[in-house]
Amino acid sequence: MRIMQVREWFTAQVAVAWVPLRRTVTMSGRALGQLLLPPACAYCGTALSAQPVGRPCLCGECLAGLVRVGRRACRYCASPLPRLWPDDARCPRCRRRRYHFSRAVAVGVYRDELQQAVVAMKHPICEPLTYSMGLLLAETVAAHLAEERVDLIVPVPMHWRRRLSRGTYPAQLLAQVIGGVLQRPLALRVLRCRRKVRKQGTLRPHERLRNVRGAFSVSAGYAITDANVLLVDDVMTTGATANEAARMLRQAGAGDVFVAVVARGVGIDWPGSGP
Ligand SMILES: [Zn+2]
Ligand SMILES: [Zn+2]
């Protein structure tokens with residue numbers, strides 16, 4: 001009995017000591033890292049004087065440029081709303097088409113600096129930028145989906161051959177950052193890409209729907225019944241990929257599916273895409 005009490009006391013002491021110890025180790029590692037590799041903007045490379053923990057590693061100018069495009073957006077599909085369009089109403093795109101996801105949020109519109117940032121994120125050397133964009137996306141999710149319950153965070157899957165050739169998987173890194181910030185569980189393997197699809201950006205809208213149809217499957221062994229899922233990707237243009245992924249999740253029993261993307265693409269003929 002006494003041995004048990006000593007053991008419990010020791011375990012409790014270790015647990016109590018671990019938190020400040022971990023903080024000290026983390027801060028020391030961070031200080032050492034900043035001494036050896038001074039912090040620099042993940043987008044333009046400008047040296048930064050100090051980098052607060054948990055904030056995007058971006059200089060003020062880049063941060064303003066990347067967030068500037070995040071204007072009034074449709075709460076259902078994240079498309080920018082035309083001028084004078086009511087805040088809570090479905091946008092013209094949503095009125096024409098219904099999605100299998102309930103709502104979508106984006107840091108901003110896929111153009112200008114944000115478009116360049118998303119393109120850069122497709123290269124492994126730009127993973128620090130992806131990490132910073134993940135922090136911005138986590139802020140967006142916290143601000144716009146605060147009233148929604150999110151049980152699981154799932155990245156839009158990428159075929160293993162494309163992952164191998166790219167050497168980076170932005171959707172997964174974004175999902176990991178959001179999961180860490182919002183303290184929500186990740187399910188990195190629940191959705192699988194069954195076949196290699198052609199790059200959506202090279203196809204016309206109706207071809208994109210066909211291209212991803214049946215491309216995803218839900219892995220066996222995951223209990224997602226009634227779970228609300230946050231689906232994460234770097235960019236959404238027509239919504240065909242996110243819609244197909246959401247369709248598979250709903251078919252497997254998921255509750256609501258929400259979509260979080262860094263950039264929401266719109267066509268040049270989109271009524272809300274003017275300056
Ligand atoms: Zn910068
Ligand atoms: Zn909409």
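Note that ligands are numbered from 1 as they come in the structure, with each ligand's atoms numbered from 1 the same way.
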Would you please test L191 and M248 for side-chain contact (heavy atoms from CB on, under 4.5 Å) and show each step?
CA-CA 8 Å; L191 262 182; M248 294 313 296; 4.3 Å; yes
For Y222, does the OH atom sit with more than 12 other heavy atoms under 6.0 Å from it, leaving out its own atoms?
yes
Which of these, V154, L152, I178, V105, sits in a side chain to side chain contact (heavy atoms under 4.5 Å, CB included) with L230?
I178
Before you tell me yes or no, could you show the steps for V150 and N228 under side-chain contact (heavy atoms from CB on, under 4.5 Å), namely the whole-Å CA-CA distance, both residues' side-chain angles and the distance that decides it to 0.1 Å?
CA-CA 5 Å; V150 172; N228 287 356; 5.5 Å; no
Angle in degrees, rounded to 10°, that SG of C94 and SG of C74 form at the Zn ion (ligand 2)
110°
Kindly report the SG-the Zn ion (ligand 1)-SG angle for C44 and C41 respectively, rounded to 10°.
110°
If the Zn ion (ligand 1) is the vertex, what is the angle to SG of C62 and SG of C59, rounded to 10 degrees?
100°
